[in-house]
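Heads up: the structure comes next, in structure tokens.
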2 protein chains.
Amino acid sequence: MLNHKRPTIDDVARLAGLSTATVSRFINGSAVVSAERAAKIKAAIQELHYTPHLAAQMLASNKTRAIGLLLPTISGAFFAPVLRGVETRAIEKGYSLLVHSTQAQAQNAAGKGTFKKILAEHNTDGLLIFAASVDATELSRLHSIGFPVVLLHQASPKEFSLPAITVENKNGVRALIDHLIEDHQRRRIVQLRGPENHDDTYWRDLGYRQSLEAHGIPYEADLIETGGFNTEQARQAMRRILTRGIHFDAVFAGDDESASGAMMALREAGWRIPQDAAVVGFDDLNLAEHLTPPLTTVHSPIEQVASEAVELLVKQIGGEAVPAETLLPTYLVRRNSCGCS
Amino acid sequence: MLNHKRPTIDDVARLAGLSTATVSRFINGSAVVSAERAAKIKAAIQELHYTPHLAAQMLASNKTRAIGLLLPTISGAFFAPVLRGVETRAIEKGYSLLVHSTQAQAQNAAGKGTFKKILAEHNTDGLLIFAASVDATELSRLHSIGFPVVLLHQASPKEFSLPAITVENKNGVRALIDHLIEDHQRRRIVQLRGPENHDDTYWRDLGYRQSLEAHGIPYEADLIETGGFNTEQARQAMRRILTRGIHFDAVFAGDDESASGAMMALREAGWRIPQDAAVVGFDDLNLAEHLTPPLTTVHSPIEQVASEAVELLVKQIGGEAVPAETLLPTYLVRRNSCGCS
DNA sequence: TTGAAAGCGCTAACAG
DNA sequence: CTGTTAGCGCTTTCAA
């Protein structure tokens, strides 16, 4: 397909009048090369437009220089900053990025008997695994072969330890609900929970409960529904709440996308926000400030989690030890959907 | 890092009592292997948990079995179906997917003098290039070395021919504007244009103009603004229109995300949709039916474009000829934001 | 610091 | 249909 054969390291070595080994050392910085020869090599590389053949490097070094990102799905506003953070940092570190949404595979694998691991130790040096992307068996297998892994928005299984990074869910929600109760006198606060078995769901719920408890407000099952961290699901959940005909004066939607869905359902039913019910979210995605009214929420450093995760993974690949758990701080962002002006 | 050395094709061959060549043939289906031996090989592979070493395959075959997807950015609701379509089909075809948003790189490369081609012929077998992701020079270079490329939502440069795939923008918009004029008696229709130098922008504008012309309505520069296919930009563009104090009774927002922004701006200003102004979009993203009111728009088969693009690319990689241009049909979706009930 | 040379695991002639 | 074998382009001992 290509017109000219691409230049090899041998071509460079020949042109520079040196051995391939020296060129290789120069390229990888794996040993000091005399300044004089380094210059020659650099010139030869430029002249030939030489780029190392990745596959050959991999084969010889037994490294892929690629990291894999496993996501449940790539849809949704939430994953944009995740991808951005991961990609930017990965490139910076000289790794290429393989992205795979396990949901896409599930659709695909249905019908076939085979379960092929599209992203694993055979084509990456390490894996970034987002909550709900792979099952415990695979996690355990990766751990057992000592393969570098970082878990995002997901705690390590109890049986063994895999480095995990996430945000301060509980305290964030705590501040959020405190604000609703203390500054806006709301007491009947609906919660639209995220997906079950999702750690964020667990901790956000806990923050919600603790705030209620601290203010002497009982936890009421009637006020709880599952929004699934998803606009459409949240919209329907909100409708179900509305159908119950129960009294409430605020909605904690689980995340911003859910908040958007909750607002739709509320508005359809003729409710005014925040007069009839305050609505708050979590994440502080771009969309938050563009909702009507602008959404009060908890700022979550999503992109930073992503880029820090890459950092942790690369360290592991390099054989360094990394902290078992990293928790990035969150903070309350007051806009208008809570009643602030 | 790994405990056990991974099995090689030699281990499989030894266990099966055959040659590596036969095993290789079986794995790649590159020649017929007798049923009896095939069974033996299959068993050996299972027993050893053998997976081919990708780098070795690449090096020996001079193929990467990876395709690259170049996007301007991964943010935005629009790209979710693109990614889904590409990934699903790529996996199906046995290719892995490398994603790169050129915007992320631009941020990164700023400051450095180097421009490294993160995705190109050295690490992929072919490239899927979305509109506005790479410049003409790089396109020309890829073409000159005969590297497989498919352009998405972007026409081939005039100087040479690269296969391109996109949707029927013009006729879609034509039907949309016709609907506004004929069925809802709108005559002063604002257009929020997409980014300049974007082919979709050009064709959508043409559809808009042709519909106006067909109905004897003059094209008025005052009614035109740039929405950039982006919620926030569109919102601001809409505000600018509003500031002009001119009369209008409908808004063609360029795409659905822009429509969402336009709606926000209109609502802020106290306009009712569709009574005071109809609002219509393009794409028919998931969000369209969830806007208030549900958005009348043009359905664009985004995911299908993506998966068809993979198909075209894989064909090229296989040395097959492919059509220079592929245009997928669009159709009008009437919901309520146009005034339909 | 440098060079020579032995592979890394696999594919693809080539010969049978 | 099957086996033998020569590389693919690079990294990495081992000696010098």
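Quick caveat, the model's predicted, so the values are computed rather than measured.
- Under the 30°/60° scheme for interplanar angles, the aromatic rings of His143(B) and Phe160(B) are found to lie parallel.
- Using a cut-off of 4.0 Å between Lys/Arg side-chain N and Asp/Glu carboxylate O, Lys93(B) and Glu311(B) are scored as salt-bridged.
- Rounding to whole angstrom units, CE of residue Met58(A) and C1' of dC8(C) are separated by 13 Å.
- Rounded to whole Å, the distance from NZ on Lys63(B) to C1' on dT11(C) is 10 Å.
- Side-chain nitrogen and oxygen atoms of Gln57(A) include at least one within less than 4.0 Å of the OP1 or OP2 phosphate oxygen of dT11(D).
- Leu18(B) comes within 4.0 angstrom of sugar-phosphate atoms only, judged by non-hydrogen atoms across all strands, and of no base.
- The CZ-P distance, from Phe26(A) to dC10(D), rounds to 15 Å in whole Å.
- If you take NE2 of His53(B) and P of dG9(D), they are 17 Å apart, rounded to a whole angstrom.
- Rounded to an integer number of Å, the gap from CZ of Arg14(A) to P of dG9(D) is 12 Å.
- When heavy atoms are screened at a 4.0 angstrom cut-off, Ser24(A) is found touching base atoms of the nucleic acid.
- Between Asn28(B) and dT11(C), a side-chain N or O to OP1/OP2 separation shorter than 4.0 Å is present.
- The NZ-P distance, from Lys40(A) to dT1(C), rounds to 16 Å in whole Å.
- Not one side-chain nitrogen or oxygen of Ser61(B) sits closer than 4.0 Å to the OP1 or OP2 atom of dT11(C).
- Proximity note for Val32(A) (side chain, C-beta onward) versus dT1(C), dG3(C), dC10(C): the nearest is dT1(C).
- Side-chain atoms of Leu59(A) lie closest to dG9(D) of the nucleotides dT11(C), dG9(D), dT2(D).
- Side-chain proximity of Ser34(A) to dC10(C), dT1(C), dC1(D): nearest is dT1(C).
- Atom CG in Asn62(B) sits about 14 Å away from atom C1' in dC10(D), given to the nearest Å.
- If you check every strand for non-hydrogen atoms under 4.0 Å, Tyr50(A) touches sugar and phosphate atoms only.
- No hydrogens or angles considered: nothing links the side chains of Thr20(A) and Asp10(A) as a donor-acceptor pair under 3.5 Å.
- Within the 4.5 Å cutoff, side-chain heavy atoms of Glu87(B) are placed close to those of His100(A).
- A donor and an acceptor atom never sit less than 3.5 Å apart when one is taken from the side chain of Arg6(B) and the other from the base of dG9(C).
- Across dG9(D), dT11(C), dG3(C), the shortest atom-to-atom separation from the side chain of Ala56(A) is found for dG9(D).
- Distance from the side chain of Ile9(A) is smallest to dC10(D) among dC14(C), dC8(C), dC10(D).
- With rounding to whole Å, Glu36(B) atom CD is found 12 Å from dC1(D) atom C1'.
- Proximity of a side-chain donor or acceptor of Asn28(B) to a complementary backbone N or O of Arg25(B) within less than 3.5 Å is not detected.
- With DNA chain D read from its 5' end, the first of the two nearest nucleotides for Ala60(A) and Ala31(B) is the one closest to Ala31(B).
- Using a 4.0 Å heavy-atom criterion, one finds that Arg37(B) contacts the sugar-phosphate atoms exclusively.
- For the pair Ser19(B) and dT4(D), the criterion of a side-chain N or O lying under 4.0 Å from OP1 or OP2 is not met.
- The 5' end of DNA chain D is approached more closely, in terms of each residue's nearest nucleotide, by Ala21(B) than by the other of Ala21(B) and Thr8(A).
- Tyr50(B) approaches Thr8(B) most closely through the heavy-atom pair CE1-C, 3.5 Å.
- Listed nucleotides: dT11(C), dT13(D), dG9(C). Nearest to the side chain of Arg25(A): dT13(D).
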